[in-house]
Amino acid sequence: MVGDIDMPFPFDNSYASLPEAFFAPANPSPVSDPAFIALNRELALDLRIDPDKLDSPEGLAYLAGNQVPDGAQPIAMAYSGHQFGGFNPQLGDGRATLLGEVLDKKGIRRDIQLKGSGPTHFSRRGDGLSALGPVIREYLVSEAMHALGVPTTRALAAVWSGDQVRRETMEPGGVFTRVASSHIRVGTFQYFAARQDHENLKVLADYVIDRHYPASRDSENPYRAMLEAVIERQANLIAHWMSFGFIHGVMNTDNMAVSGETIDYGPCAFLDDYDPAKKFSYIDQGGRYAFGNQSKMAHWNVTRLAEAILPLLGKAEDEAVKEAEGALDSFPDTFQNAFQKRFTSKIGIAEEVEGDWELVQSLLSLMHSNKADFTLTFRHLRDAVGDGNDQALVSLFDKQEAIREWLGQWRLRIQKEDVGTENARDLMMKVNPVFVPRNHRVEEAIQAGMKKDFEPFHRLDKVLRNPFEEQAEFADYEAAPKADEIVCTTFCGT
Ligand code: AMP
Ligand code: MG
């Protein structure tokens, strides 16, 4: 069977060759009665996997965890993590199994991981399974984030398991296939740091440099360069999230990938009305991961990364600390610059000049005090440019006088751009989506899915593949939730 040309996954594994301390061998547990909910054929092609081979009883068996494909080396990865500020030295993949890696069409190494495929060495008291709800949420939201242009893990498949899992009540189970440029987290570094295993800490850092940050190798201090690169990607990522009103919800250090991809779509949500203090997650009672706290928390997380790699940053401790601080100091400015750039673009300004940031802030402040819908405000601003129609925008605000006054100032500013209103509109079309995975729509897809009706899931998935384009037949997906549709709380569902 080895080297079989029928092998559906062209595996080329590297993580499984790292020292034993990095993982525990794992074997997916079979499920009773698997059926495809979704198969991402386009992503399969990107991964150099023949989608027709996956779309078969054999392919389903692989993606349900009922059969291990040739070339796979199933493992559960070891990691630690700070969860809501408290350190847990031993987390690891408790309900996920890394099947292996493939080199995609661009030659980029991508992990293929099953989520919800049964217990592993790291399951502690968990069952290693996934309820259907989180599978549907992760599929929809991670693919929507990709369509929005945000770096993210991807969804290759969602499978109905045919088994029930015990949560608050008994619920249908699912298996999700996640694709990531790697599953290495800040918590993976913390795992070795917590064990004072400096040898493996270095092995991990070297692996991360080779896989994600090869340019760091040429630097005088490659580990500092790696840290700086992670910091830069994270600061940019958070600004990118926020520009679409995304709230991750559980930014623990085990849920922050060092690649700079968004990972772990547990209790995530999108803002309806704008409120920087907004949080949805049931377990985030204190609002640690509220919308407006996300950059602070990302800075906190990369600080934990810097601490973990201190032994690599310099020979003497004070020297290492200086390197760490030097790198970490760049976070606030990198974030702020990216954030301003994203939000000035959202109001149609390509080159920020003095006063522009204040213009953005005054809009955000009006949106907040008027409980204006985040996505709709910017979406209708696209139409209000020039002598366009203000009505849809203005009607989102209670105090219409104030928003009209703001629009007046904004128009004066846009006219001053060399490029004028046409380019402002073009710019806004690229950064202000018409469609985001609104919480009530995701919930609707989940509730139907639990009854084995996947129509709402597929419709939503389709709409979200072209988030910046108006789609007349799906216009109702633009709307904010009605009072009785508002989702106030999200759950991890683990
Ligand atoms: P999360 O909050 O989803 O990032 O998960 C935190 C930790 O709990 C990770 O180590 C997971 O592998 C583990 N975990 C979450 N759900 C389960 C489950 N159902 N069974 C076993 N481990 C789980
Ligand atoms: Mg996690």
Side-chain angles (χ1 to χ4, degrees), residues 22-29 31 65 74-98 111 113-139 141-142 152-153 155 161 163-180 182-191 194 247-259 261-269 279-285 288-289 297-298 301 304-305 489-494:
F22 281 71
F23 55 83
N27 238 323
S29 312
V31 302
I75 56 174
M77 292 166 69
Y79 54 87
S80 309
H82 273 92
Q83 299 180 301
F84 292 90
F87 187 62
N88 187 334
Q90 171 104 359
L91 290 170
D93 288 333
R95 55 153 171 193
T97 302
L98 177 65
D111 280 5
Q113 187 201 60
L114 299 183
K115 246 181 122 176
S117 57
T120 72
H121 174 71
F122 300 107
S123 296
R124 292 169 290 160
R125 276 167 302 165
D127 57 9
L129 302 175
S130 243
L132 188 69
V135 170
I136 290 182
R137 181 189 309 280
E138 180 154 357
Y139 194 103
V141 183
S142 65
T152 178
T153 62
S161 71
D163 297 316
Q164 296 277 304
V165 300
R166 183 179 296 281
R167 294 296 178 257
E168 303 264 290
T169 56
M170 295 304 281
E171 294 178 28
V175 183
F176 178 74
T177 308
R178 178 158 71 185
V179 173
S182 90
H183 284 86
I184 300 166
R185 306 137 194 273
V186 169
T188 319
F189 282 92
Q190 292 181 293
Y191 182 85
I247 307 176
H248 182 283
V250 60
M251 292 174 65
N252 294 333
T253 57
D254 53 304
N255 292 335
M256 181 178 270
V258 297
S259 65
E261 286 180 342
T262 311
I263 189 169
D264 222 314
Y265 291 86
C268 65
K279 55 107 187 162
F280 288 89
S281 171
Y282 176 72
I283 49 170
D284 189 10
Q285 294 296 337
R288 180 181 170 90
Y289 300 133
M297 293 327 305
N301 287 350
R304 305 287 83 76
L305 174 63
T489 311
T490 53
F491 301 88
C492 272
T494 53

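Being a predicted model, the structure only gives us computed values, none of them experimental. Just follow the structure's listing: the first ligand is 1, and inside any ligand the first atom is 1.
At a heavy-atom distance under 4.0 Å, only side-chain atoms of Y79, from C-beta outward, approach ligand 1. Contact annotation for V250 and ligand 1: no heavy atom of the residue comes within less than 4.0 Å of the ligand. The side chain of D264, and not its backbone, has at least one atom closer than 4.0 Å to an atom of ligand 1 (non-hydrogen atoms only; side chain from C-beta on). Heavy atoms of R167 found under 4.0 angstrom from ligand 1 belong exclusively to the side chain.
Restricting D264 to its N/O/S atoms, the shortest distance to the Mg ion (ligand 2) is reached by OD2.
Between the side chains of T153 and Y265, no donor-acceptor pair is found at a separation under 3.5 Å.
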Between D127 and R167, is a salt bridge (charged side-chain N to carboxylate O under 4.0 Å, His left out) present by the stated rule, with each step listed? CA-CA 10 Å; D127 57 9; R167 294 296 178 257; 2.7 Å; yes
List the steps, then state whether ring-ring contact (aromatic ring centres under 6.0 Å, His included) holds for Y191 with F22. CA-CA 9 Å; Y191 182 85; F22 281 71; 8.4 Å; no
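For the pair R125 and ligand 1, no heavy-atom separation below 4.0 Å is found. Using a 4.0 Å heavy-atom cutoff, G92 is listed among the residues neighbouring ligand 1.
Close contacts between ligand 1 and D254 involve ligand atoms 4 (O), 6 (C) [criterion: under 4.0 Å to a heavy atom]. Within the listing of ligand 1, atoms 10 (O) sit less than 4.0 angstrom from a heavy atom of L91.
Taking backbone and side chain together, N255 holds an N, O or S atom under 2.8 Å from the Mg ion (ligand 2).
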